[in-house]
Participant: 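I'd like to ask you about the structure that follows.
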Amino acid sequence: MDNIYLFYCLLFIVAMLYSSVGHGGASGYLALMAIYAFSPEVMKPTALILNLFVSLTSFIQFYRGDHFKWKIFLPLALASIPLAFAGGLITMDASIYKKVLGSLLFIPVIRFLFFANIPDEELKKSNTALSILIGCSIGFLSGLIGIGGGIILSPVLLLLKWANQKQAAAISALFIFVNSLSGLAGQLTKGISFSPDMLSYVTIAFAGGLFGAYLGALKFNQNILKNTLAVVLMMAGWKLIFT
């Protein structure tokens, strides 16, 4: 691969930025791998493996900050897990895959730029039936594309006012982990192709995830991180759709 060290630097930055807002980073890893001309057969399982490490790291940090809500998480996760497995069984045409991925990248851009934090007094009680519907929909798309679904779930939680930003980040992080595991299991039934450099990717993404989760959950101004990530995702999404 040309410019391998640049790829490693970008991978660290993507993992750091995503974990700082409670995401595993699969959509970012997929965009980065698409730019570097990875095949979709390698992209999907690689992104999900990286997702597992980074999302779990992010979840632990946000959970330690007392931001996690089991009551909101459970119906979403129980509905999404079998659908993520089913989505992982399906292989999409490469050109369609990149355009769908590019379009999905604009969802977190909207979330980061236009969704303000919600005061606790404005939060509403979650709805179980709607949670199941949301979980099924996001779960299937997660397995199909090779993402954990947090980039979709997080803005939904904020839009419905079921969680504030850090609660949404904590819930999304564990949601990403279980869906990535399920989607990967679905792909395993059909056979998986990994890059020989997988260990390096995991190590770098894990390091970035640790740093980003620490900044996002405990110390740093999240607005700076969110705006930076939004610009990066906007550029990547545009490239995937129109080139």
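Here, residue 1 is the first one in the sequence, and each next residue gets the next number.
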Participant: Take Leu6 and Tyr36 through the test side-chain contact (heavy atoms from CB on, under 4.5 Å) and record every step on the way to the result.
Facilitator: CA-CA 11 Å; Leu6 177 59; Tyr36 274 80; 3.6 Å; yes
Participant: Counting C-beta onward and ignoring hydrogens, is there a side-chain heavy-atom pair between Phe85 and Ile81 closer than 4.5 Å?
Facilitator: no
Participant: Applying a strict under-4.5 Å side-chain criterion to I, L, V, M, F, W and Y, I'd like to know whether Leu184 and Leu199 cluster together.
Facilitator: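 No; Leu199 is not reachable from Leu184 via cluster members.
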Participant: In Å and rounded to the nearest 0.5 Å, what is the OG1 to CD distance from Thr189 to Gln187?
Facilitator: 8.5 Å
Participant: Start with the C-alpha gap between Met43 and Tyr97, add the side-chain angles, then the distance that decides, and say whether side-chain contact (heavy atoms from CB on, under 4.5 Å) holds.
Facilitator: CA-CA 11 Å; Met43 289 167 61; Tyr97 177 84; 3.7 Å; yes
Participant: Is the Phe38 ring parallel, tilted or perpendicular to the Phe7 ring (thresholds 30°, 60°)?
Facilitator: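 Taking Phe7 first and then Phe38, their aromatic rings lie parallel (interplane angle under 30°).
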Participant: Less than 4.5 Å apart, side chain to side chain, heavy atoms only: is that true for Asn164 and Glu122?
Facilitator: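 Side-chain contact under 4.5 Å: no.
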Participant: Parallel, tilted or perpendicular: which describes the rings of Phe59 and Tyr63, with under 30° parallel and over 60° perpendicular?
Facilitator: tilted
Participant: Anything under 30° is parallel, anything over 60° is perpendicular, the rest tilted; go ahead and classify Phe211 against Phe12.
Facilitator: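 Rings of Phe211 and Phe12: parallel, as their planes differ by under 30°.
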Participant: CD of Gln167 to OG of Ser154: how many Å apart, nearest 0.5 Å?
Facilitator: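 One finds 11.5 Å between CD of Gln167 and OG of Ser154.
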Participant: So which heavy atom on Ala26 is nearest to which on Gly148, and how close?
Facilitator: CB-N, 4.2 Å
Participant: Yes or no on side-chain contact (heavy atoms from CB on, under 4.5 Å) for Ile241 and Ser103, after CA distance, side-chain angles and deciding distance?
Facilitator: CA-CA 7 Å; Ile241 294 171; Ser103 300; 3.8 Å; yes
Participant: Examine the side chains of Ser142 and Asn179 and answer whether a donor and an acceptor come within less than 3.5 Å of each other.
Facilitator: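 Not at all, the side chains of Ser142 and Asn179 share no donor-acceptor pair under 3.5 Å.
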